[in-house]
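Okay, so here's the structure we're looking at.
Positions are given from 1 along the sequence. Quick caveat: nothing in here was measured; it's all calculated off a predicted structure.
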Amino acid sequence: SIDSLHWGSVGVKMVEGEVRRPREEPLEAQRDQRATKLRKTDSTASDIHFPPPSPAPADEFDEASKLVPPASPASQAFRPQVEKDLKYIVVSGGVCSSLGKGVATSSIGALLRGHGFRVTAIKLDPYINIDAGLMSPYEHGEVYVLDDGGETDLDLGNYERMMYLSLGRDNNLTTGKIYESVIKKEREGKYLGKTVQVVPHITGAIVEWINRVAQQSVDSSGLPPQICMIELGGTIGDIESMPFIEALRQLKFQLPENSLAWCHCSYIPNMSGQKTKPTQHSVKALLGLGVQPDMIICRCPDPVLDETRKKIANQCAIQSGRIISAHDVANLFHVPGIFAQQHMIGMLNGLLHLDDLHVAKSSMHGSKNLRTLNDWEKFAKQVDQAEAAMPVTIAFVGKYNKGGGDAYQSVVAALNHAAVAVTRKLKIEWIDATHLELPSKDARNYEELMRRVQEAEALLKAADGVFVPGGFGDRGVEGKARAATLAREWKKPYLGVCLGMQVALISFARDVLGIADATSEEFDSRKTSKNHVIIFMPEISKETMGANMRLGARYVEFTNPENSLASSLYGGQQRIMERHRHRYEFNIAYKERMESKGLIFSGQDETKERMDIIEMSTKDHPFFMGVQYHPEYKSRPGTPSPAFYGLVAAASNPKQVDEMLLKCRREGRNAHWTPFMI
């Protein structure tokens, strides 16, 4: 009607800011002019005309971000700018601990590395400890030492072994580190008088830390990573992990679209069928914290059924194709293949637009590094073949055996790598070091204790080789020393690492040099001995304990590489680089006396004052070797640690040790050891 058109035209004039025309004009003239303007405003107008629409909202994230006002100096202090070109993959866990988040993170990273991407990894640990250096192996597992001397969570060992990386101490972020850095800034007045709070200051510090570390090169390319794997320790719902979850949630919205994908690991129990309720509650807890997972990795004994996938998809608001089955496999090296079969990388490409990243062909140092999916599948088959082969038994004389395999995770991994290399099934005979200690004859239960000692000796004698790991404290030390003595006397292949080398020196001083009170300064708190074969390192402080040791990668020089057993294992090199973790060292005052009795000090540091390797001639003993460093930290699938390879190969065939050493010399230098390059 004319009235409706009249009101519509008035609306148009008001929006366009025009001045009303004088009312003296004829009504029809006003109507025609207004109708003409409407047709110009709306090109699709026919008989019905509407006011012009408001400006359309920006479709692109970058356009919308331009509307945001710049941050104030105070907000920039705790909300730092982040690198926009990085892609992030977060792996969290729910229902229970020990689901295999570290294995999932490592396997995804290994697949990405196989596609040519530069990958790094960060572990977020909610505990208040600054690092893992002073944590009990019984509670937390082993302490994994990095090239820069960082004492970190054992999951960083998984990352390095599976992704062939060289990480740093900052790749393990704990609540203790974050609070320490924030409190230090507050004392320095860097928060401009603000009330320092968990949100936004703690969360902002976490984002800043992740952004900084994610840009640090962790391989031989020297280039910044393109993808950062982030594993969130603990279980969703834990109070201590909530600042990390909030920080990661904030990080996602500080990045462009398609820059962060969230993978949530959950447990699917099989109780008269696969049950999804634990996973539903776990995802619900994550949603309550403001995070919608992009993928769900389901840990279960058997492959996830389609019916189970549909139920999880329906209840957790996620596509069924993004639900990954992480079922039990024969060995962990099948996991990358399991993920690849379910198109894991294809889904991540859809989420993160990985095909936009430039993939450069990297130069590889050595041919044994596992990079492609075919490499992992071949190695997994080699592991299966080794499991079906003849067994080789290694007597493992430790003091943290009750802590399970996690207490010696890297050592067990190194032994397995070596066993696969010689195609033997590894059998570890766990012997508690205290069970080898001879009791005093006036002990109340003397006969029972002697029976226990005899049983431990029988296991030791039946084994093909003897391994004595590191450790701290005097508990079980005499048992370890006795294991070294028996291995030397029985001509059993022997490898001692760190404390394992020190007890071998103590037993040699007692048995061969006749020094009955030979011991270590560490175990002689009452100062009753006059012969400290092992002494405290002079530059180490006795006031503090945390990170107060000789830590990290250091050069080890061979004194006589042409005739050295150890040098042969490393391809005949003159020097190598290995990781150390110790406070005590050999007292060189006893060096000449031991050398005169046949003990060879074949490795030393650059100052030539610290002994790092001892050995015996293969003419006197099939394989007897002790190292002050920890070779297990640099063992990799397909590239076993030379020290562990020598032990397992000698235990498998003691009569062919010289041939094995000659083969190692022929293979020559491996850049993994001289120095670490990948």
Side-chain angles (χ1 to χ4, degrees), residues 91-93 96-107 121-146 149-163 165 167 169 171-177 229 231-235 238 240-241 265 299 331-332 335 396-417 426 428 430-433 467-473 475-476 497-500 545-547 549 551 579-582 630-637 641 644:
V91 179
S92 61
C96 61
S97 59
S98 301
L99 281 178
K101 299 189 300 295
V103 175
T105 304
S106 303
S107 298
I122 298 175
K123 174 68 185 296
L124 306 180
D125 278 311
Y127 49 73
I128 301 178
N129 304 63
I130 298 296
D131 57 32
L134 299 180
M135 299 180 74
S136 169
Y138 292 115
E139 294 183 15
H140 193 257
E142 75 167 2
V143 177
Y144 188 81
V145 178
L146 304 170
E151 297 174 289
T152 64
D153 184 86
L154 56 82
D155 277 314
L156 273 76
N158 286 327
Y159 306 157
E160 288 200 339
R161 283 188 288 269
M162 294 289 285
M163 291 186 263
L165 304 176
L167 302 174
R169 68 176 76 240
N171 289 81
N172 188 196
L173 176 58
T174 68
T175 297
K177 287 182 180 179
M229 303 294 305
E231 180 188 349
L232 176 60
T235 306
D238 295 343
E240 57 265 26
S241 64
C265 293
R299 279 289 293 119
N331 63 74
L332 294 179
V335 177
F396 196 114
V397 185
K399 56 192 295 183
Y400 308 126
N401 296 359
K402 293 181 181 178
D406 284 353
Y408 296 109
Q409 187 184 69
S410 292
V411 173
V412 174
L415 288 169
N416 275 295
H417 299 161
L426 176 66
I428 297 179
W430 297 94
I431 300 176
D432 195 305
F467 174 75
V468 178
F472 296 92
R475 187 182 65 83
V497 168
C498 196
L499 181 60
M545 293 186 67
M549 285 185 279
L551 292 164
R579 299 179 185 178
H580 293 68
R581 185 179 185 246
H582 62 104
H630 287 263
E632 67 270 21
Y633 292 140
K634 290 177 68 171
S635 184
R636 302 287 182 266
S641 164
F644 284 93

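- Side-chain contact between Thr105 and Asp155: absent, with no pair of heavy atoms (C-beta onward) separated by less than 4.5 Å.
- Checking side-chain atoms of Asn401 against main-chain N and O of Ile431 turns up a donor-acceptor pair under 3.5 Å.
- You'll find the side chain of Tyr144 stays beyond 4.5 Å of the side chain of Arg581, heavy atoms only.
- Residues Ile428 and Leu415 share a closest heavy-atom pair of CD1-CD1, 4.2 Å.
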**Message:** Assess the residue pair His417 and Ser641 against the criterion (side-chain contact (heavy atoms from CB on, under 4.5 Å)); give the C-alpha distance rounded to whole Å, side-chain angles, the decisive distance to 0.1 Å, and a yes or no.
**Reply:** CA-CA 8 Å; His417 299 161; Ser641 164; over 6 Å; no
**Prompt:** Asn416 and Leu426: side-chain contact (heavy atoms from CB on, under 4.5 Å), yes or no, with the steps?
**Reply:** CA-CA 6 Å; Asn416 275 295; Leu426 176 66; 3.7 Å; yes
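- Using a distance-only test at 3.5 Å, with no hydrogens or angles considered, a donor-acceptor pair links the side chain of Lys399 to the main chain of Arg475.
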**Item:** Working for side-chain contact (heavy atoms from CB on, under 4.5 Å), residues Lys123 and Thr152
**Value:** CA-CA 9 Å; Lys123 174 68 185 296; Thr152 64; over 6 Å; no
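- No side-chain donor-acceptor contact under 3.5 Å links Asp131 and Asn172.
- Separating the CG atom in Leu156 from the CD1 atom in Ile122 is a distance of 10.0 Å, to the nearest 0.5 Å.
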**Request:** Would you check, one step at a time, whether the test salt bridge (charged side-chain N to carboxylate O under 4.0 Å, His left out) holds for Glu160 with Arg636?
**Result:** CA-CA 8 Å; Glu160 288 200 339; Arg636 302 287 182 266; 3.2 Å; yes
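- Between Asn158 and Gln409, the shortest heavy-atom distance links the atoms OD1-OE1, 3.9 Å.
- Of the N and O atoms on the side chains of Tyr127 and Asp125, at least one donor lies less than 3.5 Å from an acceptor on the other residue.
- Annotation for Val335 and Ser107: closest pair CG1-OG, 3.3 Å, computed over non-hydrogen atoms.
- The structure places CG of Leu124 at 8.5 Å from CD of Glu231, a figure rounded to the nearest 0.5 Å.
- Among Trp430, Phe644, Tyr408, the one residue that satisfies the ring pair (Phe, Tyr, Trp, His ring centres under 6.0 Å) test with Phe467 is Phe644.
- From Leu146, atom CG reaches atom CG of Asn171 across 7.5 Å, with rounding to the nearest 0.5 Å.
- Distance check, rounded to the nearest 0.5 Å: CE of Met163 to OG of Ser106 gives 5.0 Å.
- A donor-acceptor pair under 3.5 Å is absent between the side-chain atoms of Thr235 and the main chain of Gly93, judged by distance alone.
- Of all non-hydrogen atoms in Arg161 and Ser410, the two that sit nearest each other are NH1-OG, 3.1 Å.
- The minimum heavy-atom distance between His582 and Cys498, with the atom names listed, is CB-SG, 3.9 Å.
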**Request:** Test side-chain contact (heavy atoms from CB on, under 4.5 Å) on Glu240 and Ile128 and set out the steps.
**Result:** CA-CA 9 Å; Glu240 57 265 26; Ile128 301 178; over 6 Å; no
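- Of all heavy-atom pairs spanning Val497 and Glu632, the tightest one is CG1-OE1, 3.9 Å.
- More than 12 heavy-atom neighbours from other residues, nucleotides or ligands sit within 6.0 angstrom of CG on Leu134.
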